[in-house]
**Student:** 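Pasting in a structure now, in structure tokens, and then I'll have a few things to ask.
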Amino acid sequence: MADASRLVEVQPVDEEILMVHFMDGKVHFKDDGTGESAFKGHAFAEGDDWIEAYGEELNVAEAVRPENWKLYPSGGDGEAVQPLAVHRKSKVFNSDHAWNYKLDHWLFLKLPKKMENGDGFRIEVADTLGSEQEAVEFVYDLDRSQSEAVHVNLIGYTPDSPIKSADLYLWLGDGGPRDYSGCEGNEAWLFDVVSEKRFPVGKVEFWKEESDKDAGGRNLTGSPVWTVDFSDHSRPGRYRLVVDGVGASPEFEISEDIWKEPYSYSTMGYYYMRLGEAVHANNPPPRQPRFIPGEDPAGFTIYLTDFDPFDEAWKARKGDTWDEPHFKPAVESMFWERRLPGNPTNDNAIGGHSDALDWDRHLAHVSNIYDMLLPFLLSDGGLSDDDLGIAESGNGIPDLIDEARNEVDMFLSLRVGEAYAQGLTNPSKEKTVMFQAGATTMAAWANSANSAILAEAFRLAGDENLKAHYLEEAITAFRFASKQDDLQLDEKQDIGDAFMRGRDFRMMAAAFLYNVTGDREWEDLMAADSVVKDGVADIEERSREWVQTWGTAAYLLTPHKQHYPELAKNMKASVRKQALENNVRFMNERPSRRSSNNNYWRTKHELQLVAIAHHFSKRRSEKERFEKAMILEADWGLGRNPSNTVEMTGLGSRHIVNCYTSGGNDGVPGMHPGHTPYNNLDPWGTTWRGSMPQWFTERGYPEWEEGGWPEQESFFNCRYSWTNGEFTPRQTMRGKHVLYSYLYWLSKD
């Protein structure tokens, strides 16, 4: 049938089940860098997308009838057989700006007898299905036939990795989870795709029953999980993991530099959240407009205000106040009436990393700086790569420092006299006005911490001039904050799924200032503010009350004498305790083996304390435990998940393609690289489709919750759903950045 649902692929699930994938249509996107929306980030103009319907949609009622499928043995000998049963799952995986959509369908055919390696079929489907193809050929080749049941790190593994592990499981839609208990003990092999030789590497073992108590309190796998451990294989090469009775994984590498690419993409992801970069500053082009005062867009102005997040009117307003000017003319914004006398402007505020697809830049983002630089500090300056693909690559300064420096400088540019402002709002509806929030002591403490950690990074990089510059900025901000009537030491500042108090910023600034200067004054101030004191305290509470992670790391890394040896000892004990209890233990308890401890966002990785604990651990066995936890967490986001997808744009052979991010219609196909969507399913306050991920789940089959969908399949390949496909660097990127960067350092060290 020429105009009908497209039969995309036939794959084995295993020797007893075939999977047939149909697509009813596909959305196409204009991406030639021309027209009204060209180089405008996430702007849309008519003609920027169109949905191609492949014709008659799959008749799902007919598709699940076994008698509508005939399987003839290859070669023409033998009678046709039909499946014993056909199961289905269907999902919205193509939707345009007007929310026109087409479904993808996966049919699971239970065969009347097991296939053997080399068996082939001519699969014929009845006309009543509405399939574009009436027949397709299939050969079961264990070494080459990819099975969606085999889950690996799609990027790969280092030769000396303490854990190389794959998972075996699959959810079959209304057929429920596949039972692989019959495969326990089956041999697993590595198939070298170059030499085409096999190497036995392990056996299938049962791991865990499915659980709704996995990371984030969700059932991430929708299935019991079996595993294959091939940690003993260390020969570099390009491989597929082959499981007897099942099939093969996608290709992956075993290589010394396997973590370089994830590390590079993570850093590029930050670069593509920057503002102020010219269209031709990089390839693909950075997001536009640049929002440079007086330059781009024409007439763009930033007005100074006295309105800040500690103001009662700000606190009383529901919703994100930074976003308040965005959907109205500037004169109608509540910020307009709070402009300073004489309506002064800031003509120097340029750069910084935006939040999601918004344009606001404010103190909640400072955690990006700290987690960009934490791996650099833990590597003692060893992460000196200057070739990661950002605009400054090749300038002689490590790219990690360049990326963090852009954010630090933006916050410093918000000074009003000697004071420090909280941040910049989203632009007005006209995109010609932003407002600068009022100056606060909190902002001064944060600027001191920002500059101090950057000064420490430049110290490690051996750049005395820039170290001195940011040291001066850090001390200036610290002294200014110390003179204020309201020190705001116990006020809280959101930093992305956590809060820092003014006291925590002060402690952090003092810790890094001690590292850079060696002056006891700073060490004494750090010790006075530390929450560890004489006992073992939480470094990072799940209650979001405070964070002293980076200040603690600073003191433990100090190049100077620790005049508070008991405090340093207790800090190490605190980090170790939290890493083990809040992270590492979960790799042995959860079906996913994830150990991140803050997973409201399904794609988030938070193992900063594990990295710090690993760095300071002296026991080989414990050090290996920490490293295994980091690798298994990274594996999950790099493909060892139910969708067999790298949960980041651009990275690897199977990655996030369309999500709510920048990079459309800029002359380079696809979205900007290095971005990790939320995969959120919670509604965000309105009935508009972009705010209601249930719009997707309601159109799929079977029903999402009762049908048992794996929660990690909550991604729908759509550019227009901010609730599902958006992200923020401080929520879904910074923890991942620490993880990939630190693992890259371990592979180099």
**Student:** Could you name each residue pair satisfying ring-ring contact (aromatic ring centres under 6.0 Å, His included) that touches residues 367-396, not counting sequence neighbours?
**Tutor:**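 Residue pairs with at least one partner in residues 367-396: Y370-W550.
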**Student:** Just by distance, with hydrogens left out, do N515 and T558 show a side-chain donor and acceptor under 3.5 Å apart?
**Tutor:** yes
**Student:** Within 45° of the axis and under 6.0 Å from the centre of the six-membered ring of Y271, does NZ or CZ of R274 qualify?
**Tutor:** no
**Student:** Would you say the side chains of S231 and D229 form a donor-acceptor pair under 3.5 Å?
**Tutor:**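 On atom types as modelled, these side chains qualify, holding a pair under 3.5 Å.
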**Student:** Answer yes if the side chains of S249 and R240 hold a donor-acceptor pair under 3.5 Å, and no otherwise.
**Tutor:**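 Per modelled atom types, S249 and R240 side chains form no pair under 3.5 Å.
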**Student:** Taking only residues two or more places apart in sequence, or in another chain, which ones meet E210 in a salt bridge (charged side-chain N to carboxylate O under 4.0 Å, His left out)?
**Tutor:**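 Salt bridge (charged side-chain N to carboxylate O under 4.0 Å, His left out) list for E210, sorted by chain: empty.
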**Student:** Between D212 and R218, is the closest basic N to carboxylate O distance under 4.0 Å?
**Tutor:**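 Judged by the 4.0 Å cut-off on N to carboxylate O distance, R218 and D212 do not form a salt bridge.
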**Student:** Is R593 positioned over the aromatic face of W207, cation under 6.0 angstrom from the ring centre and no more than 45 degrees off axis?
**Tutor:**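 Yes, a cation-pi geometry.
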**Student:** Over 60° means perpendicular and under 30° means parallel, so tell me whether H614 and Y742 are parallel, tilted or perpendicular.
**Tutor:**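 H614 and Y742: perpendicular rings.
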**Student:** Between Y180 and Y169 (judged by ring centroids, cut-off 6.0 Å), do the two rings come close enough to count as a pair?
**Tutor:**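 No; Y169 has its ring centre 6.0 Å or more from that of Y180.
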**Student:** Does a donor on one side chain and an acceptor on the other come within less than 3.5 Å for T676 and K736?
**Tutor:**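 The criterion, which ignores hydrogens and geometry beyond distance, is satisfied for K736 and T676.
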**Student:** Do R585 and E589 sit within salt-bridge range, that is, some charged N less than 4.0 Å from a carboxylate O?
**Tutor:** yes
**Student:** So, D214 and R594, do they make that salt bridge, N to O below 4.0 Å?
**Tutor:**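 Answer for the salt bridge query: no.
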**Student:** Please work out whether the ring planes of H672 and H675 are parallel, tilted or perpendicular, with thresholds of 30° and 60°.
**Tutor:** perpendicular
**Student:** Would you please indicate yes or no on a ring centroid separation below 6.0 angstrom for Y270 and H353?
**Tutor:** yes
**Student:** Taking the six-membered ring for Trp, are the ring centroids of F199 and F230 within less than 6.0 Å of each other?
**Tutor:** no
